[in-house]
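Counting convention: from 1, in listed order, for ligands and their atoms alike. Along the sequence shown, the residues carry numbers beginning at 1. No hydrogens, no waters, no symmetry mates; every other heavy atom, side chains included, goes into these values.
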Amino acid sequence: MLKGKHIILGITGGIAAYKSVSLLRLFVKAGAEVQVVITPSGKEFITPVTLSALSGKPVISEFFTANTGSWNSHVDLGLWADAMVIAPATASTLGKMAHGIVDNMLVTTYLSSKCPVFIAPAMDLDMFKHPSTAANLELLRSYGNHIIEPAAGELASHLIGKGRMEEPENIFAVLERFFSEKKTMEGKKVLITAGPTYEKIDPVRFIGNYSTGKMGYCIADEFVARGASVTIVSGPVSVKPKNQDVKVVSVESALEMRDAFMERFEGADIAVMCAAVADYRPEVVADRKIKREKDDIPVITLVKNPDIAAEAGRKKREDQILVGFALETDNAVANAQDKLARKNLDMIVLNSLSEQTGFGVDTNKVTVIERSGTSTTFDLKSKVEVAKDIVNLISEKA
Ligand code: CTP
């Protein structure tokens with residue numbers, strides 16, 4: 001998968017820099033062309049001679065080459081690369097990358113690059129736990145960078161905790177997977193519903209639910225990473241897509257979600273219905289705040305909301321793929337199968353509800369049931385990983 005790929009390997013000043021040598025060897029062995037860019041403090045930990053001997057290219061560290069005075073163009077490098085991997089990434093480099101402080105060749109190259117960027121942080125456990133590191137990582141994630149989380153274990157300080165750079169083999173595997181999955185969805189248009197809906201009672205109150213939209217947004221990011229063009233019709237949520245190419249259409253109520261979705265459904269190749277749409281809405285929305293009046297308990301009469309998935313199922317063409325979600329507390333599989341048939345879905349993702357799954361948490365455990373009856377149960381994973389599993393199954397049909 002990495003044969004012929006152009007990779008910038010960024011190395012910063014941390015003990016884990018010795019592991020970058022193994023990572024470099026793995027890339028070179030796989031047939032990739034690697035350009036090492038090292039920060040000045042990185043050179044305190046590993047010598048450029050070793051790195052240039054293994055990569056077959058002079059290592060770049062300064063803006064100018066000392067003996068010839070020639071200029072190392074960070075712009076050309078940024079355009080040359082198919083991927084940039086920064087391993088190890090120290091807390092200081094993370095901060096500079098997150099805030100655009102370009103005082104060395106590595107961060108300058110990062111800012112000029114147009115390719116996917118993979119960051120493998122490495123630092124002491126307390127530095128990793130510090131809110132500023134967490135905030136910088138969150139910012140870097142929100143810019144679409146891939147963070148390869150550090151592992152837990154014994155650190156250079158002999159303290160035990162999270163902060164160890166992920167092993168070179170695992171970083172290599174992330175890159176391999178990325179290139180094998182990427183672009184398989186090029187040209188596909190994907191429409192996703194996500195989040196809750198709010199059904200107005202009066203100007204200050206609504207009926208809603210605990211959905212946070214995380215699962216739908218992870219699926220959107222995964223489709224974009226594989227080259228699809230993606231629109232999320234989203235209820236009120238605080239999450240944002242990590243990838244800026246995801247288009248978000250914000251709505252509030254089920255009726256608004258239905259209109260925004262149906263307007264776009266005909267042009268979609270794949271629709272994934274992740275939203276927790278309120279089944280009912282108040283029949284009448286009070287135009288003023290409902291006041292607490294003595295002895296008078298208001299009654300809110302509800303009416304049915306449209307079933308967006310079922311409407312899409314009725315209008316679906318042969319060449320469109322429609323995927324639904326289900327969260328069941330009883331007879332889960334039978335109920336999900338029934339929903340799949342009733343709404344004319346091609347696939348239904350059955351969520352389980354526990355402390356580690358469901359609303360608001362970062363992990364999920366799903367069973368995917370296909371129209372053919374095939375069902376696949378996955379382990380408990382992060383929602384990012386669950387999104388990959390779901391998109392893998394959808395892409396087999398697309
Ligand atoms: N769905 C939808 N519009 C609705 C209700 C549900 O598009 N008004 C979609 C959901 O996004 C999900 C699937 O239908 O993909 C199943 O949602 P769920 O709430 O489990 O189904 P309901 O039909 O509401 O069934 P019930 O609440 O009785 O379990």
Checklist entry - Going by heavy atoms, is Met257 under 4.0 Å from ligand 1? => result no
Next on the checklist: Please tell me whether Ser92 and Thr90 have a donor and an acceptor in their side chains that are separated by less than 3.5 angstrom.
Outcome noted: no
Checklist entry - Identify the closest protein heavy atom to atom 29 (O) of ligand 1: which residue and atom is it, and at what distance? => result Lys339 NZ, 2.7 Å
Checklist outcome for this item: On a heavy-atom basis, the closest approach of Glu149 and Glu166 is O-CB, 3.9 Å
Next on the checklist: Considering non-hydrogen atoms of the protein only, which is the closest contact for atom 7 (O) of ligand 1, and what is the distance?
Outcome noted: Ala309 N, 2.8 Å
Checklist entry - For atom 13 (C) of ligand 1, which protein heavy atom lies nearest, and how many Å away is it? => result Phe325 O, 3.2 Å
Checklist entry - Judged by modelled atom types alone, do Asn392 and Arg226 share a side-chain donor-acceptor pair under 3.5 Å? => result yes
Checklist entry - Do Ile308 and ligand 1 have an N or O pair less than 3.5 Å apart? => result yes
Checklist entry - Which atoms of ligand 1 have any heavy atom of Ala275 under 4.0 Å away? => result 10 (C), 11 (O)
Checklist entry - For ligand 1, is there an atom lying under 4.0 Å from some heavy atom of Pro306? => result yes
Next on the checklist: Looking only at the side chains, is there a donor atom on one of Ser234 and Tyr217 sitting less than 3.5 Å from an acceptor on the other?
Outcome noted: yes
Next on the checklist: Any protein heavy atom at under 4.0 Å, with atom 18 (P) of ligand 1 as the reference point?
Outcome noted: yes
Item to check | atom 4 (C) of ligand 1: the protein heavy-atom neighbour that sits closest, reported with distance to 0.1 Å | outcome: Val277 CB, 3.5 Å
Item to check | Numbering as shown, the atoms of ligand 1 that approach Met273 to under 4.0 Å (heavy-atom distance) | outcome: 7 (O), 11 (O), 12 (C), 15 (O)
Checklist entry - Without hydrogens or angle criteria, can the side chains of Ser382 and Asp362 be said to hold a donor-acceptor pair below 3.5 Å? => result no
Checklist entry - So, does Asn136 use its side chain to make a donor-acceptor pair with the main chain of Leu94 at under 3.5 Å? => result no
Item to check | Heavy atoms of other groups near Lys383 NZ, more than 12 under 6.0 Å | outcome: yes
Checklist entry - Looking at ligand 1, does Asn305 have a heavy atom less than 4.0 Å from it? => result no
Checklist entry - Which residue supplies the protein heavy atom nearest to atom 23 (O) of ligand 1, what is that atom called, and how far is it? => result Lys343 NZ, 2.7 Å
Item to check | Polar contact flag for Gly324 and ligand 1 (N/O pairs, less than 3.5 Å) | outcome: no
Checklist entry - Is the closest N or O pair between Asp279 and ligand 1 shorter than 3.5 Å? => result yes
Item to check | Phe179 six-ring centre to Lys5 NZ/CZ under 6.0 Å and within 45° of normal | outcome: yes
Checklist entry - Which is it for Asn344 and Arg371 under the side chain to side chain donor-acceptor pair (under 3.5 Å) test, yes or no, and what are the steps along the way? => result CA-CA 9 Å; Asn344 193 25; Arg371 192 196 273 270; 2.8 Å; yes
